[in-house]
Amino acid sequence: MAATPPAPAPPRILLAGDAHGRLHQLFKRVKSVNQSTGPFHALLCVGQFFSPEADAEGAPGDVADYLEGRAAVPIPTYFTGDYGPTAPRLLSKAAAGARGFAPGGIDTCPNLFWLRGSNRFTLHGLSVVYLSGKKGPGGPGCYSQDDVDALRALAEEPGIVDLFLTNEWPTGVVNGADTSNVPNQVFDPHGYDPVVAELVAEIKPRYHIAGTKGVFYSREPYVNNSAAHVTRFIGLANVGNKEKQKFIHAISPTPASTMSSADIHAKPPNSTLSPYAAPAQSVPIEEAPKRPADNTDAQYWRYDVKRQRQGEAEGGRLCFKFTSSGSCPRGSKCNFRHDEEAVEHYQRNVCFDFLNKGKCERGPECKFAHSLSGDTSIRDSRPRRRAESSCWFCLSSPDVESHLVISIGEAYYCALAKGPLVPNHVLMIPVEHCPSTLLMPLEAEVELGRYKNALVKYFEKQGKTAVFFEWVSQNSRHANLQAVPVPFPKADAVNKIFHLAAKKLGFEFSMVNPDGGAKVARESLISHSESKSSLFYVELPEGKILLHNIDSNEKFPAQFGREVLAGLLSMPDRADWRNCKLSKEEEIQMVDDFKHGFGEFDPAE
């Protein structure tokens, strides 16, 4: 019997406190530690990354040296402290070049990633959640209510968060802890934030890392309410501080997704109760102001679809659930406004942000109407947007299985298939409720092409090719273009087996633009598609497209594409997705595994 291969070693991570622009000193120490006790996979920086003084001699230059290529960042480095007098200028180029979502950070220069806003990403198997910026009056470097709401929504999703990164400390973190030997700075109220305390109590990470207070403090582990695992808080000092407080720290946590139940439930003997057992009242929304339009990315809609779960103090805000679907399960208990007129405008494709705030931060790039007068039809030929509260694929629907989502762009998101035919079976789904990918606007088609190219490259790395197919019927509600990986040796047989299957059902495929390439063929397919027609098409590995226009009285099998590929792959028992269901825990693991390999190709990263 073959020996069981050893489990992979856990990732080795360095943590650092406020850099204050002293990157030469920081990276010199990182190189030394990496050579003596490394290698380390990544460096995570919390607290203020940029100099606190605009004219501090050398400090702004340190950062500029790396951003402008005069110095190299030694290992992948991620920072959350995007504030300081020099920060807006130094980050302006990266901010201008950022497109769509970047959960794993905006690339500011090789090996240096700006974690902007708030989000969750996977780093060497570890689930990392972050809140950038700090509490303040608004403007650059201050986190927004959208950022906070996004994390509250993430807290409701399944799976254990390994690392939570914030700049400021959570109010009350020392409650119940042994404070007999802690530095005096721990008791200074400066650098504490009650919003962070609320978030960490909801997210329940295994590690919470923070900076700002200029002191190193490693709290005893504490037990979380309604969770099996404990949380460890680590506060880090400033880089190069005169008191010689520890500003760099190493950890090597095993990802929770690979831990045994016994290890997750383990509680060290010095564990305490949660310091947040009696959380304070929710901080009013005014204390966590909005970022201004010039410092906000295009993530607003993903927050709105879930923000109602927590409720906000502003009764004037529209309820997204009610506006998009015409109903809200909380009824009169909802903290948001239920406006029938807003529902009508939304269904006529008026931008939700415009309805809710009176303005839209995406400006002319927004695809929806910014007017309430006249016929507020959308600016392209898409069908009217409909509110679908029960659609499996609408991100605003209570039925969506968000734990299967692997990547979110501006017009499309990708999810692993429910009951997959094979591992890495992917669905590419429009964000907006649309019955066919062929009816999406040109900009969305460009993004879809980027996702398809990324999947092709990802599958190629595994020795496989991609087969894409879509079934569109008159009763289609929400489109999904499926991508199934097929081993290279079987790639040449895909064309033949689809023709054989078609012959058995009594029809023949037509070839779309046989003389053109893949891009030209799809453009031809789009130009000849009609919103009310039913069809099935498959994009072959060599770039050709097979098309079958389905007659109104024809009984066409909904699982046709999957059934054909199941036969090709000699797994006919998996033709029906219902025979391939996995547990939610298995699905979560499947998603984590996919993200780990797909990250380098993901166009939304």
Side-chain angles (χ1 to χ4, degrees), residues 15 17-18 44 46-47 80-81 118 128-131 133-136 143 147-149 151-152 154-156 160-238 243 245-247 249 251 253 256 264-285 287-288 310-311 313:
L15 311 171
D18 306 60
L44 305 178
V46 292
T80 59
S118 68
V128 182
V129 169
Y130 59 87
L131 175 68
K134 60 181 180 177
K135 180 179 65 176
Y143 62 71
D147 297 330
V148 173
D149 289 338
L151 294 188
R152 284 178 166 149
L154 285 173
E156 296 182 11
I160 297 174
V161 172
D162 292 303
L163 305 177
F164 181 36
L165 311 179
T166 65
N167 295 311
E168 295 174 301
W169 288 28
T171 300
V173 68
V174 297
N175 291 342
D178 179 5
T179 57
S180 57
N181 294 311
V182 302
N184 291 331
Q185 296 99 311
V186 169
F187 302 105
D188 184 343
H190 169 74
Y192 281 110
D193 185 350
V195 173
V196 172
E198 291 181 15
L199 289 174
V200 72
E202 295 176 35
I203 294 170
K204 301 176 178 66
R206 293 173 58 219
Y207 290 84
H208 179 193
I209 318 300
T212 301
K213 288 187 64 64
V215 62
F216 177 79
Y217 173 58
S218 180
R219 190 198 189 281
E220 302 99 317
Y222 63 81
V223 178
N224 286 288
N225 298 327
S226 305
H229 60 279
V230 298
T231 293
R232 293 170 168 83
F233 173 79
I234 301 173
L236 292 152
N238 307 338
E243 293 78 15
Q245 286 278 331
K246 189 175 183 180
F247 67 81
H249 184 72
I251 60 174
I264 289 175
H265 282 76
K267 294 178 176 58
N270 64 334
S271 299
T272 73
L273 295 176
S274 170
Y276 319 111
Q281 292 294 314
S282 178
V283 175
I285 190 170
E287 296 192 27
Q310 288 295 328

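Residue numbers run from 1 in the order of the sequence given. All values below were derived from every heavy atom in this structure, side-chain atoms included, with hydrogens, water molecules and symmetry-related copies excluded.
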Without placing hydrogens or testing angles, list every side-chain donor-acceptor pair under 3.5 Å for residues 230-238, not counting sequence neighbours.
from : atom 1 : to   : atom 2 : distance (Å)
T231 : OG1    : P205 : O      : 2.3
T231 : OG1    : N224 : OD1    : 3.4
T231 : OG1    : N224 : ND2    : 2.8

Side-chain donor-acceptor distances from residues 209-223 under 3.5 Å, at least two apart:
from : atom 1 : to   : atom 2 : distance (Å)
T212 : OG1    : N167 : O      : 2.4
K213 : NZ     : Q185 : O      : 3.1
K213 : NZ     : D188 : O      : 2.5
K213 : NZ     : H190 : O      : 2.6
R219 : NE     : V173 : O      : 2.6
R219 : NH1    : T272 : OG1    : 2.9
R219 : NH2    : N175 : O      : 2.7
R219 : NH2    : T272 : OG1    : 3.2
E220 : OE2    : D178 : N      : 3.0

Begin with the C-alpha distance, continue with both residues' side-chain angles, and end with the deciding distance and a verdict on side-chain contact (heavy atoms from CB on, under 4.5 Å) for V174 and V182. CA-CA 10 Å; V174 297; V182 302; over 6 Å; no
Atom pair CG/CD1 of L44 and I251 - distance to nearest 0.5 Å: 7.5 Å
What one should report as the nearest heavy-atom pair of I264 and A256 is CD1-O, 3.8 Å
Minimum heavy-atom distance T171-P194, with the two atoms named: OG1-N, 3.0 Å
Looking at I203, V46, V196, which hits side-chain contact (heavy atoms from CB on, under 4.5 Å) with H208? V196
Could you check V186 against Y192 for side-chain contact (heavy atoms from CB on, under 4.5 Å), going step by step and ending with a plain yes or no? CA-CA 10 Å; V186 169; Y192 281 110; 3.7 Å; yes
Minimum-distance pair of heavy atoms, taken over all atoms of R206 and H229: CG-CD2, 3.8 Å
Assess whether side-chain contact (heavy atoms from CB on, under 4.5 Å) is satisfied between R152 and L199, documenting all intermediate values. CA-CA 7 Å; R152 284 178 166 149; L199 289 174; 3.8 Å; yes
Quick check: closest heavy atoms across L131 and T80, and the distance to 0.1 Å? O-CB, 4.3 Å
Decide yes or no on side-chain contact (heavy atoms from CB on, under 4.5 Å) for Y143 and D193, but give the supporting numbers first. CA-CA 12 Å; Y143 62 71; D193 185 350; 2.6 Å; yes
List the atom of G172, the atom of Y276, and the distance in Å for their closest heavy-atom pair. C-CE2, 4.2 Å
All heavy atoms of H265 vs all of A228, minimum pair found to be NE2-CB, 3.4 Å
